[in-house]
Enquirer: 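First the structure, then my questions, so here it is.
Values reported hereafter were calculated over all heavy atoms of this structure, with side chains retained and with hydrogens, waters and symmetry mates removed. Below, chains carry the letters A, B, ... as their sequence lines are ordered, and counting in each starts from 1.
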Amino acid sequence: MEFLLENILNLVGFLVGLAIGIMAYIGFRNTGSPTLFRLTIAFFSISLGFFVIWSGYMIEDFVIKSGAIERGIQTVGIVIQTVGYFFIAFSHSIKSFFPKSNYFRSVGILPFFLVSTVQLEHIFRSISFILLVYGAIETILSYRDNKNKGAISVAIGLALLAFGEFLGWYSFVFPESMLYSISMAIKIGGLIALFIPVSKIPLKRIKFDDDLDKI
Amino acid sequence: MGEYRTQMKIIGDILSTTQDDLQDENGATVTYLIRKANISHSRISTILKTLVSQGLLERGDSQGSNRYKISQSGREFLQAYKSFTKFADNFGLNI
């Protein structure tokens, strides 16, 4: 059950991330907007992250057959996804997350060399959680200004991904419980909520025009 | 306090004016665009020059003054701009 849900989640994540990423890329090509460029990187990263984890499960299932996914692959996938969540949050001007002093910047990266991949996975899951919560709050706040109902759906999607990420992390405390399966079901719901408003954008008559790149 | 507008939003406003809100069929004057797009003369001059060089606007001459009309490329750009503004709005962002 957990394996099936994990596969569905990663495939849905890969496809949704890819679809939104392609849409953002078309927008960037047509308008040259830096915001759309950041969203392109964000969703291609999220898509790639899900794909890496899905590949890990497939390799484990058909080649290695050890009964558990290679921890390193899972961690790499989560790190790539975190990069994507960072760019979503960054688009909302997330500047206060960085320490100002060069000393703290250099020391900040040190812990990553001192911990195992399991601990790294926990660290990146918590960073993802913070970034997703930040993105959800900023998106719902934007609804006050533009009254765009799609923003509610995206905010719910980001919030569900955050909650799923939290439950996924918390399930390490109760490894035999249903928490991890529930977390995956919630994340699938979050990805679908993200995709609903984006799927309604009409793109049929938009075409690439190289002359518009320079504007 | 006025709402902050990105360069893209200003371009969108100028193109929208030249498409939907023209004074007459000869095109819009710079003064009219300044008033409609709410932008300074020096800034709009640079933007208009860029838009004309990119083929999004066409410059004509009528009654001794420059007039600007949207081109076919400009219409396509404006359509893309409107679609992707909605796309970015869904994420609570401005393009």
Side-chain angles (χ1 to χ4, degrees), chain A residues 20 23-39 42-43 88-93 135-155 157-158 194-209 211-215, chain B residues 1-20 33 37-39 42-59 68-95:
Chain A
I20 301 178
M23 226 175 268
Y25 180 67
I26 293 173
F28 168 65
R29 283 293 308 272
N30 275 272
T31 63
S33 159
T35 304
L36 293 175
F37 181 66
R38 283 193 287 272
L39 282 180
F43 282 100
I88 292 178
F90 180 64
S91 297
H92 291 285
S93 343
I137 291 170
E138 285 292 327
T139 308
I140 202 68
L141 285 178
S142 78
Y143 175 74
R144 284 192 317 182
D145 302 327
N146 60 26
K147 300 286 178 232
N148 182 353
K149 286 177 187 164
I152 295 177
S153 186
V154 169
L158 292 174
L194 265 187
F195 188 66
I196 289 171
V198 174
S199 66
K200 291 177 183 163
I201 305 290
L203 293 178
K204 283 176 210 154
R205 289 170 58 198
I206 293 170
K207 60 178 186 180
F208 285 101
D209 188 342
D211 293 339
L212 302 183
D213 285 352
K214 294 166 202 153
I215 197 151
Chain B
M1 203 171 90
E3 179 201 357
Y4 172 76
R5 289 186 302 166
T6 59
Q7 173 92 346
M8 192 65 67
K9 175 97 171 69
I10 293 169
I11 289 170
D13 287 347
I14 292 171
L15 291 177
S16 285
T17 304
T18 55
Q19 178 177 269
D20 308 322
L33 289 173
N38 192 22
I39 185 174
S42 60
R43 194 156 181 210
I44 204 169
S45 298
T46 318
I47 293 174
L48 288 175
K49 203 179 282 179
T50 313
L51 291 177
V52 170
S53 71
Q54 295 296 318
L56 301 183
L57 281 183
E58 290 165 356
R59 186 167 43 206
Y68 294 91
K69 279 166 79 174
I70 193 164
S71 66
Q72 187 52 39
S73 295
R75 285 178 203 283
E76 285 169 10
F77 180 86
L78 190 59
Q79 189 196 350
Y81 167 79
K82 284 178 179 169
S83 293
F84 289 105
T85 296
K86 206 173 170 193
F87 175 80
D89 272 353
N90 286 329
F91 292 91
L93 301 168
N94 298 316
I95 70 167

Enquirer: What's the shortest heavy-atom distance between B/Gly92 and A/Ser142, and which atoms?
Expert: CA-OG, 3.0 Å

Enquirer: Starting at CZ of B/Phe84, measure out to OG1 of A/Thr31 and round the result to the nearest 0.5 Å.
Expert: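 The OG1 atom of A/Thr31 is 7.0 Å from CZ of B/Phe84, to the nearest 0.5 Å.
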
Enquirer: What is the minimum heavy-atom distance between B/Leu93 and A/Ser91, and which atoms define it?
Expert: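 Here B/Leu93 and A/Ser91 meet closest at CD2-O, 3.3 Å.
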
Enquirer: Taking side chain as C-beta onward, heavy atoms only, is B/Phe91 less than 4.5 Å from A/Val198?
Expert: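 Yes - at least one pair of side-chain heavy atoms lies under 4.5 Å apart.
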
Enquirer: Need one label for A/Leu141: side chain, backbone, both or neither, based on atoms under 4.5 Å from any heavy atom in chain B.
Expert: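 Contact with chain B involves no heavy atom of A/Leu141 at all.
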
Enquirer: Can you confirm whether more than 12 heavy atoms, excluding those of A/Phe37, are under 6.0 Å from its CZ atom?
Expert: no

Enquirer: One pair to check against side-chain contact (heavy atoms from CB on, under 4.5 Å): B/Phe87 and A/Leu36. What are the steps and the verdict?
Expert: CA-CA 9 Å; B/Phe87 175 80; A/Leu36 293 175; 3.6 Å; yes

Enquirer: Nearest 0.5 angstrom please: B/Asn90 CG to A/Ile196 CD1, how far?
Expert: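 Interatomic distance, B/Asn90 CG to A/Ile196 CD1, rounded to 0.5 Å: 11.5 Å.
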
Enquirer: At a heavy-atom separation under 4.5 Å, does A/Ala24 approach chain B through its side chain, its backbone, both, or neither?
Expert: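 Answer is both: backbone and side chain atoms of A/Ala24 are under 4.5 Å from chain B.
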
Enquirer: Quick one: CG on A/Asn30 to CZ on B/Phe77, what's the gap to the nearest 0.5 Å?
Expert: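 If I round to the nearest 0.5 Å, the distance is 8.5 Å.
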
Enquirer: If every non-hydrogen atom of B/Lys86 is compared with every non-hydrogen atom of A/Asn148, which pair is closest and at what distance?
Expert: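 Taking B/Lys86 first and A/Asn148 second, the nearest heavy atoms are O-ND2, 3.8 Å.
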
Enquirer: So, taking the atom named CG in A/Asn146 and the one named OG1 in B/Thr85, what distance separates them when rounded to the nearest 0.5 Å?
Expert: 11.0 Å

